[in-house]
Amino acid sequence: MKTLQDFNFKDKKALIRVDFNVPLDADFNVTDATRIQAAKPTIDAILADGGSVILMSHLGRPKGKEDKYSLQHIVQKTAEILGKEVKFAADCRGKIAEEAAQNLKSGEILLLENLRFYAEEEGGDKGFAQELASLGDIYVNDAFGTAHRAHASTAIIAEYFPESKCFGKLLATEIESLNKVLKASKKPVTAVLGGSKVSSKITVIENILDKIDHLIIGGGMTFTFIKAQGGKIGNSICEDDKQEMALDILRIAKEKGVQVHLPVDVVAANAFSNDADTKIVAINEIPDGWQGLDAGPKSLEEIKPVILSSKTILWNGPLGVFEMDTFSKGTIELGKYISEATQNGAFSLVGGGDSVAAVKQFNLEDEMSYVSTGGGAMLEMLEGKILPGIDAILK
Ligand code: AMP
């Protein structure tokens, strides 16, 4: 696995695929710069080595050139975070990009305009990839968020750098962290899977059953399992057509010696609202008109020792509708248990959009060993897929 350390960047132009797909407000201010900050270590290291940096990214899903998706909007924020001037090329290809790249001196930073202004980016077009490749000497992929896409700048471009391509620090850390779970040597290994739908996690569950000792199931996906087992789930969310699959998962887990922990009680509400009436009921006795929206106290009591005795923990998906205060307790408590286990030496990896949002919302980010930056990419790695962006560097 080639990383920055394998190259001398002195007087070289590093062409870095970053994920600067950041949220902007109505006035085009960056509202969350986490992704820019995440790329800083790679950029700093290359500049410190005497190189220059050409940054390429996408922003949003533009249809052709649309000013609201221009990366010009993030130049100032990027300069602030990097503590250096950031030059901007108003096109990512053609004369504008070529001249800007040619004029770039060691120690300087150039940001190219949105790659997705050209359909060739997502189309994985070879000609486009080659044009981009001509701008730099060494290709660095540091965009985990798009590593599961075979786009021109994330995968195809690597063909034009047979000897001079590597992972940036962020992507290397993402891969190492996921491998700590997938090739876990520190047992027992526990996976906590929550969130709304079992259908979106099924391949993950199938793939990780071989690697884990405990599977804790929570959140909305619980009810498909409970209903399949004959329980009464009231008005809780459920994927009726996935009941067979849920039973299959439980059977396979048993065969593989994985202990599955389903909730035993639940915070039920008479409406999907923060102000709803609530009561604690057994998970399989939810009355009609009521829906389970958070983990109950007994369920939390039961998972606590499991988490605390784990040495490797994967967490994907909240245990309840954490966006509403009334139903956030289960997710917060789980976060605290994982935090305590981490302090005691466990390795904890949190990933997937909503669990990352929850961890941030409850200020638990620094308590986890690693919080992944790529939702879809992380899930695909957990599914056992080979990601094109990673494969292209390894080839
Ligand atoms: P996912 O994207 O599948 O990880 O699901 C995350 C979403 O699941 C969050 O927005 C939660 O509010 C939601 N969620 C968690 N538990 C429940 C539940 N018991 N009923 C309905 N939605 C839930």
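Counting starts at 1 for both ligands and their atoms, following the listed order. Small disclaimer: the values here were computed from a predicted structure and weren't measured. We're numbering straight along the sequence, starting at 1.
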Please check if V53 and F9 belong to a single hydrophobic cluster, counting links between Ile, Leu, Val, Met, Phe, Trp and Tyr side chain heavy atoms closer than 4.5 Å. yes

Which residue supplies the protein heavy atom nearest to atom 23 (C) of ligand 1, what is that atom called, and how far is it? V321 CG2, 3.5 Å

Measuring from atom 2 (O) of ligand 1, which candidate in T222, D354, V198, L293 has the nearest non-hydrogen atom? D354

Looking just at side-chain N and O atoms, do N274 and T326 make a donor-acceptor pair shorter than 3.5 Å? yes

Considering S236, G219, G320, S355, which one's heavy-atom position lies nearest to atom 14 (N) of ligand 1? G320

Heavy-atom gap F327 to ligand 1 smaller than 4.0 Å: no

Which atom of F20 lies closest to which atom of L71, heavy atoms considered: O-CD2, 4.2 Å

Just checking, any donor-acceptor pair under 3.5 angstrom between side chains of E113 and S70? yes

So between Q291, K197, K201, whose heavy atom ends up nearest atom 4 (O) of ligand 1? K201

Atom 8 (O) of ligand 1 sits nearest the protein heavy atom S196 N, 3.2 Å

For T42 and D142, test the side chains for any donor-to-acceptor distance below 3.5 angstrom and give the result as yes or no. yes

Interfacing atoms of ligand 1 (cut-off 4.0 Å, heavy-atom, F223): 19 (N)

Which of these, N207, I386, L178, V204, sits in a side-chain contact (heavy atoms from CB on, under 4.5 Å) with M381? L178

May I ask you to list the atoms of ligand 1 that are less than 4.0 angstrom from any heavy atom of I237? 20 (N), 21 (C), 22 (N)

Mark yes or no: R17 above the aromatic ring of Y139, with NZ or CZ under 6.0 Å from the six-membered ring centre and no more than 45 degrees from the axis. no

What atoms of ligand 1 come within less than 4.0 Å of a heavy atom belonging to G292? 18 (C), 19 (N), 20 (N)

Please verify the inter-ring angle class for H73 with F28; under 30° counts as parallel, over 60° as perpendicular, anything in between as tilted. parallel

Do E323 and ligand 1 have an N or O pair less than 3.5 Å apart? yes

Looking only at distances, please establish whether an N/O atom of ligand 1 is found under 3.5 Å from an N/O atom of G220. yes

Counting heavy atoms under 4.0 Å, the part of M221 that contacts ligand 1 is neither

So which of E121, R116, E120 actually passes side-chain hydrogen bond (donor to acceptor under 3.5 Å, both in side chains) with S153? E121

Mark up the atoms of ligand 1 that fall under 4.0 Å of a heavy atom belonging to G195, in ascending order. 1 (P), 3 (O), 4 (O), 5 (O), 6 (C), 8 (O)

